[in-house]
Amino acid sequence: MGDDRLVKTLEMVDETYSGIPPDAILLMGEIARFLNDLGKHKLPQKGQGTDYYDARPYRHGDDPRLISGRISRRLGKSMVVERQDETRQPTFIWRKGNGSTTIHYDKGRLSKKEYLDVAFLALAKSLATGDDKVGVLDGHGLYSGGSATGRVAAQFFGVNIITGNVPLIGRKIPLNSNVILGSDFFAKAEDQEEIIRAVGQLAERGVNGHICMVIDPVELDLRNVTGNKRFIGREGQTPFTKNKVQSIAPRFNEMMNKHIEWVRQLAHSNGFKFTLQRMDTEPLDLVLKIYGLNPGNPAPELHL
Amino acid sequence: MQAMEKLKQGINGLFAATALSGSLLMATPALAQDNDNNSTTLPEFSQIDPEFSAQQSAAPAGDGSELFDQSWLQSVGSPVDINNPWILLAWPAALAALWLALRSVPMRPDDMEFGPMEILQQIIGDESDADKMPLPEKLIWATAVSAAFLAASGVEPNEGVSFPQEGRILIAVDADWAAAPNWGAQRDAILEILRNAHNDEREIVFLKNAAGENGEPIHATAPMHSAAALSYLENMQTVPWPADRESATLALESLQAEGGFGATFWMSNGLADAHTPSFVEALESLAPLQVFDDLNKPALLLPVEYNNGEYLITVRRADIAASETMEIQAFDAVNRVIATQDIVFAEQQSEAQITFPAASFTGAQGDVARFSISHENSAGATVLTNENHKPRSVGIAAINGRNDAASLLNEARFLYAALQPHTDIYFGTVEELIDSGNISVLLVPDSVPLTGVAATKAEEWARSGGRIARFAGPNMALEAHIDDPLLPVDIRKGSIGSNDSLSSNQDHIGIESFDANSPFAALEPEDEVIISRYVAVDSTRPNEYETWARMSNGFPLVTANALGEGSVVLFHTTGNSNWSDLAFSENFVEMLLSSVKSATSIENAQDYAMPDLPPLSVLNSAGELTSPSGIIADLDQNIFESGLIGPYNPPGLYGNSVMQVPFNLSHTIQTVELLGEMHEEISRKYYAADAEQNNVQGWLWATAMALGLAGAAALGVRNGFGSGLGNSIRRNDNDPAPGI
């Protein structure tokens, strides 16, 4: 019986990986091995842990909010409870998997979706091999160990998982969980409200959030696009035709900068970390930033 | 005059500014001409004698547009003319409409998938703004439309003719055989000079360098105004003999005393002769000279030689700069082409030869009447080939050398009467006649025995080319024997009467037919001829012979057979009225003449004096056979030998019923040479080589079409069939990247 499940899981993983370019899978493995070579590490934690450690009498200087009413009543004096960090703080990942993240601007470059798949699955593999639990934010289950990567990937690419512009949070998110969101955050105005709401909900749950905004260099600076172009967007969007595209590049770049700033503000206002990641950098660079191991390589500034 | 010059300059500048993309400059600067008839329609004027017209020239010239059908542009000396200027009125509107239309033609953009569409929408809004047609493409279309308008409006260049000095205009014209092929262009050039002379109010003096068709001598006309000059030009025709520049030079020298010439023009035929330098010098002595040359140099077909069953054709040409292939056609007497061959000139080769095997002709050898160079419409490109001009004297054999023609009933009398008006006739014994060497045809009546020494000599003579024509009769019927070499066929002993059973018991026997491949082919049988007795072919013998005439009962009336180089002919009935009344008929005369005419001339012609031969048909300057006019004289031996071709003896066929003499232009002219270099003061121009070079409208239409196609191709590449070359869109979101 156990063998059957194992086979099924492996099949599912194989099928899942078939959605990722072979080179991307290799790249993902290389990143994970590189992370493991860095040694045992954890994602930066937020706040105090929730696991019970000890109860002691209240001392001057203790935060009155730490006094436990139930224990104090039982013992007849003010008692405070000391807690320790969770040994396995789960990590939830989400990436936008449709629309603008599927575009290949350059035949030699990954799409944003592929780029995030590589980076996040590598991160998941690294975490899972370190006995951390990893899950998909709008999926189900938490996984660790060798099979975690395949299971996470299966949920990334599962046909029953609809990844829109915002994560659909239908599961319990433990306090201080790590939540990593990857997207370009391009959306219509009404969807932007959804994004704000979803991030706000996550912040209310006290998660350790990290917003990874991936942008293609073409989108960062429209001066790279010239001539007579018909811009084709997501399905259902009306294409735009524009001649002398370079003439609108300054205005576009300015508005793109505002959009990035909006995402940055969204992150910061909810206590999330923010990373702007150019698509012409390696996915490993993004993973290191998530770990906080590559702070000296921030996203390049915009050239307006 | 100064005001006129300013006006010309202004118009020149206007056209220089409006000419688009050099279209106007693409055409060969030459005069317009009517392509079909190779001539320009001149205004209709009554035929005016130049002398008379000169008297009328005191009257002022009329309005130029009436006289020359010229436009205002031409009348003011514009470098271009426009036949339908009203079409150009729509030109600006069409260009404006085209420009507006092209502005609305969007250029197909390159598709590009793009993520931040919301940002784009805020910038662009809902209106697409595609690229429009680039300016170079618009200019291509505008140029195409402009070229089409110019073509439709009939733009054509006006050949500029300048008159360097004040004074009359002298136009010397080589209207001879060599000018005939391109006479239309030459006349157009003259017309252009006349038009400019008219606009400049100049008098014109013509000098035709060749004698007129009616024998007019070469002389300059009196000065005349445009109207009379037009009429003179209208009546000017090329002639089939060469220009006489020696006489023309004398005529020019007579003008030197008068003076007062502002310009001289030599409308040359493109060929030089021995008198060309002095002629040019005489022209220059009157006024600055402008020479019109002809790019199409005429070729010359030399007299044909016939040897050993082949016609040797020799062609000479003047322009040897490039290799060239000409087509030589052989014509029969009724102007049908019976053979064609190419003759090839290598570079720097002035003469080429080919041979026409007589056997290659579709008709009989004797049917070849002339050879011509295809598409060379000149008298020099045609040679008449009739070889019957050599004498064919006839000897009538008589017993003992007596002149038996004295007897009315004697056969010789009938023979003499039939042939005497047409050829020389000698009487004598067979031996005497043959030994004299004066005859080509020997007629042997039945009363003359052809035996013994006479037979031996006659056979030897016939084998060397002579023709023996024998007549049947009682003697032949009695003495006939098989294998007689002096008979074309073995005949039965005895004669056959019309009532004999062998003759099918017909009431009377007449002439049924003449063989189409025989010398009698052109003859028509007469119904009145009655043949009552004849000798018949011995059908038991394996005979091979020709039947030239056949009786109504099917038996041969005249048979013939070759004998060595010569031939023997047998009339199967008598040459007098004993056995038939054939000797009284026209058919008899015609049959005798045809027998003589088709014989080979072998007689000693050293002392032969060619009789005066009347013209049968003459060549015009275009090399076409025409009926002779009344002015044409008989061709005598002196003219024939000296080759004095001219208005009184033009090239053609001269002769009588038994003799025809071809008198070809190449009998006189043996070479053709280019005009060669001239000194720098002489302005040299060329006639329009052909209509295509002068077809400005054609060039403009071609330009319009080419540019239109180029514009359409550019549009297609940009918007249509080029879409698959790299603009494909991957719409499948699951498409993986091809690589990292």
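Numbered from 1 within each chain, the chains take letters A, B, ... in sequence-line order.
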Any side-chain heavy-atom pair of A:Met256 and B:Pro116 under 4.5 Å: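 Yes; the side chains approach each other to less than 4.5 Å.
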Find out whether B:Ile123 and A:Lys242 are in side-chain contact, i.e. whether some heavy atom of one side chain is under 4.5 Å from a heavy atom of the other.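 Heavy-atom side-chain distance check fails, nothing below 4.5 Å.
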So, for [X] and [Y], which heavy atoms are closest and what is the spacing to 0.1 Å?
X: A:Ser100; Y: B:Gly115; value: CB-CA, 3.5 Å
X: A:Pro239; Y: B:Met117; value: CA-CE, 4.3 Å
X: A:Thr241; Y: B:Pro109; value: CG2-CG, 3.7 Å

At a heavy-atom separation under 4.5 Å, does A:Thr101 approach chain B through its side chain, its backbone, both, or neither?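 Neither part; nothing is under 4.5 Å.
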Between A:Leu222 and chain B, which part of the residue has a heavy atom less than 4.5 Å away: side chain, backbone, both or neither?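 Looking at A:Leu222, just its side chain touches chain B.
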Look up atom [atom1] in [X] and atom [atom2] in [Y], then write down how far apart they are to the nearest 0.5 Å.
X: A:Tyr105; Y: B:Met112; atom1: OH; atom2: CE; value: 6.0 Å
X: A:Glu254; Y: B:Ile119; atom1: CD; atom2: CD1; value: 11.0 Å
X: B:Glu118; Y: A:His259; atom1: CD; atom2: NE2; value: 8.5 Å

Parallel, tilted or perpendicular, as decided by the 30° and 60° cut-offs, for the rings of B:Phe114 and A:Phe231: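 Ring orientation of A:Phe231 relative to B:Phe114: tilted.
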Could you work out, with side-chain contact (heavy atoms from CB on, under 4.5 Å) as the rule, every residue matching A:Glu194, not counting sequence neighbours?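 Applying side-chain contact (heavy atoms from CB on, under 4.5 Å) to A:Glu194 gives A:Val166, A:Arg197.
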So which residue, A:Ile248, A:Asp216, A:Ile215, ends up with the most heavy-atom pairs under 4.5 Å with chain B?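 Looking at each option in turn, the highest pair count goes to A:Ile248.
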